[in-house]
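The structure appears below as structure tokens.
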Amino acid sequence: MEGEEDYGVSEEEEYFYADDGDSLDGLADNDDSALQWAPPKVSATKVITKESLLAAQREDLRRVMELLSLKEHHARTLLIHYRWDVEKLLAVLVEKGKSCLFTEAGVTVVENLDDDMPLTSSSTITCDICIEDASGDNATRMECGHCFCNDCWTEHFIIKINEGQSRRIQCMAHRCSAICDEAIVRNLVSRRHPDLAEKFDRFLLESYIEDNKMVKWCPSTPHCGNAIRVEEDEFCEVECSCGLQFCFSCLSEAHSPCSCLMWERWSKKCHDESETVNWITVHTKPCPKCHKPVEKNGGCNLVSCICGQSFCWVCGGATGRDHTWSRITGHSCGRYKEDREKQTERAKRDLYRYMHYHNRFKAHTDSFKLESKLKESILDKVSIAEERELRLKDFSWVTNGLNRLFRSRRVLSYSYPFAFYMFGEEFFKDEMTDEEREIKKNLFEDQQQQLESNVEKLSMFLEEPFQQFNQDKVMEIRMHVINVSVIIDKLCQKMYECIESDLLGSLHLGTHHIAPYKSKGIERASELSSCRNTKLGSTDEYLPCGGTLECDRPSGSGSSDDSGCSYRKRAKKEGGGFFDLNLPAEIVDRN
Amino acid sequence: MIDFARVQKELQECSRDVEASGIKVAPKSDNLGRLTGTIPGPVGTPYEGGTFQIDITLPDGYPFEPPKMQFATKVWHPNISSQSGAICLDILKDQWSPALTLKTALLSVQALLSTPEPGDPQDAVVAQQYLRDYQTFVGTARYWTETFAKTSSLGVEEKVQKLVEMGFPEALARSALESVGGDENLALEKLCSG
């Protein structure tokens, strides 16, 4: 078992690769995948730009259109209703049947087009809305069969679009839930308000982002205009093409191994310094006159504020200057004193606990910022070293080591707020006994410590002036950096596994999820090509996507460890089988 | 803009079968945007025999937006506020359809009087009473109908006289009576509230 190995301390382990010079090159070749920092070429996570928004939803639309032999606007109405969850839509289809699926979403598919009252320019109808006669070419019959004049339809559409209901404009007839054909809406509205028709189109397209839990706007400010689509798991961290890294689930900065809830609470806590406020409320009393908080620095219970007002420390009431201690003995508020002491004690303990975790969190965050600045100077050292006539030409180990350092530094700093909440009473007071808590805390802190010492070691090695060293010394540094990097990667992975299965995994409350650990850093979303024209190409891309996901998982450890790390706690999607249904249509398409 | 042509037609249509439905709609002034609807209390309910006035305000988007309706006559009903007269009815909100008219909306309000829905109350006090003590509810509703929804047999002059005797100036009493459509209780309330 991996768990029994001790990465940080064992010398043997650390110099495992350094036995002889020949193994060096072999190492670099063999462990290329583990050490190279290049992100996977095709990421399952996609950036959706304004231009590729249509292409992004085409796949879903096409699947639904082909499966149910529908027109595009019907497929869109269905997908909007089922929030772009094709699997859910198909499940309803299987469970309740086609007609129920359609009715619930407000789709009316006209089976026989021979209307009982075809609209021609010569025929006239009376519009039930304006109660005026309209000629056939000035009226429109919706697919549900209801017919009104174009002026009334237009008015209705404009009001609905302005109300923000573009995605579900219902027919005007009473109790008719049919959704109006988007082409008719577009056509009629653009005659009067071309701008509004454009807005309508935009709203329809953006439904794919707004109504879809697998797609979210990038939270960058100023907004980059992109949205991010993930596959499979919404608890993940992504990097938008604009460079912003964020937690897909809560849209704040990438914060694993903290859960979203912990991170939200932590940033709020740090932000309003509620602990300081706590301390003030416990240790001071407001002056009855100027209301400034006054701290008692000893002496009797007659305190005087800097504004000159005297008051009784025990009950907080204003007193005169001639007030003496003897005159307030036996004061009735005295009997609460014991409680107050306990309260003080508790507030002090909570504050110290918070300070402990906060100081460490901040120290690592600060180191991270400083190290990011160091990046430039280290890269300069690389170019100097490259100029020199060394046997070693490849300095990618420096950048790889740097990336490993940044990544693990972040993990380390976020592990402190995690520990603060994991072993505190705020979330999990009744989830474990004090004994269990203590054992788990020790287990976690051991791991944290190992990681911490190795991260510092890596930082130290990278800061060495290796550009001035001789050949052997450079090789030695390289060895250290590579070894420590591998160790750190494994430690991070182990820490995430421990959190997923031993800490959060053992809880009854299933509200805390963490983004899985990605050995190669936060996944950068790849561009979705907007010129994907053939239907064939788009399905082909589906399969490699799954493949990339696989090889993106931490390599080197057993597959059982992998699933334990990131997917064990969450139900796997079981919709894969549905995709086969698509096959016949695909083959038809090919021919 | 309100489609006044349609409102005109609705009014004509409504006055045509006022005998059958008992439902009246009349503009408050020259402006067709504010109207008063009148519905008879449904037979077989505590509201029987009462005549209920409903204030109607048409929004600019009428008929594509629902008309705003609220009871001017005080009424004791789980889905109508006993304080403000606000009505809790789906077709006056998200279930409105431009194909509905003032008359059909008022018919729905009348139907609401016969079939209260205490599960979706506007007035929690009334709804609780309806659910816990139906007999008392019926009693209160009937009393309110008697008190507020029955047109008094007194003529206008007598009503004015009555209010003057209570100590209000005659001109004020007259205008108050006019503004509430001749209901002396409402006029009194208006005068008292200033």
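Letters A, B, ... mirror the listed sequences (proteins, then strands); counts begin at 1.
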If you define the side chain from C-beta out and look only at heavy atoms, does anything of B/F64 sit under 4.5 Å from A/M172?
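B/F64 reaches A/M172 side chain to side chain.
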Do A/R175 and B/L100 have side chains that approach each other closer than 4.5 Å (heavy atoms only, starting at C-beta)?
no
Could you tell me whether [X] atom [atom1] has more than 12 heavy atoms of other residues or ligands within 6.0 Å of it?
{"X": "B/E146", "atom1": "CD", "value": "yes"}
{"X": "A/K160", "atom1": "NZ", "value": "yes"}
{"X": "B/Y143", "atom1": "OH", "value": "no"}
{"X": "B/E117", "atom1": "CD", "value": "no"}
{"X": "B/K68", "atom1": "NZ", "value": "no"}
{"X": "A/R202", "atom1": "CZ", "value": "yes"}

With rounding to the nearest 0.5 angstrom, report the [atom1] to [atom2] distance, [X] to [Y].
{"X": "A/H146", "Y": "B/S97", "atom1": "NE2", "atom2": "OG", "value": "9.0 Å"}
{"X": "A/E132", "Y": "B/D3", "atom1": "CD", "atom2": "CG", "value": "7.5 Å"}
{"X": "A/E163", "Y": "B/E65", "atom1": "CD", "atom2": "CD", "value": "6.0 Å"}

Taking all non-hydrogen atoms of both residues into account, name the closest pair between [X] and [Y] and its distance.
{"X": "B/A99", "Y": "A/A173", "result": "CB-CA, 4.1 Å"}
{"X": "A/I131", "Y": "B/R6", "result": "CD1-CG, 4.4 Å"}
{"X": "A/I129", "Y": "B/P63", "result": "CG2-CG, 3.9 Å"}

Check whether B/D90 gets within reach of chain A through its side chain, its backbone, both or neither, counting any heavy atom under 4.5 Å.
side chain
Segment of A/C152 engaging chain B (4.5 angstrom heavy-atom cut-off)
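Both parts, heavy atoms under 4.5 Å.
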Can you tell which part of A/I159 gets under 4.5 Å to a heavy atom of chain B, answering side chain, backbone, both or neither?
side chain
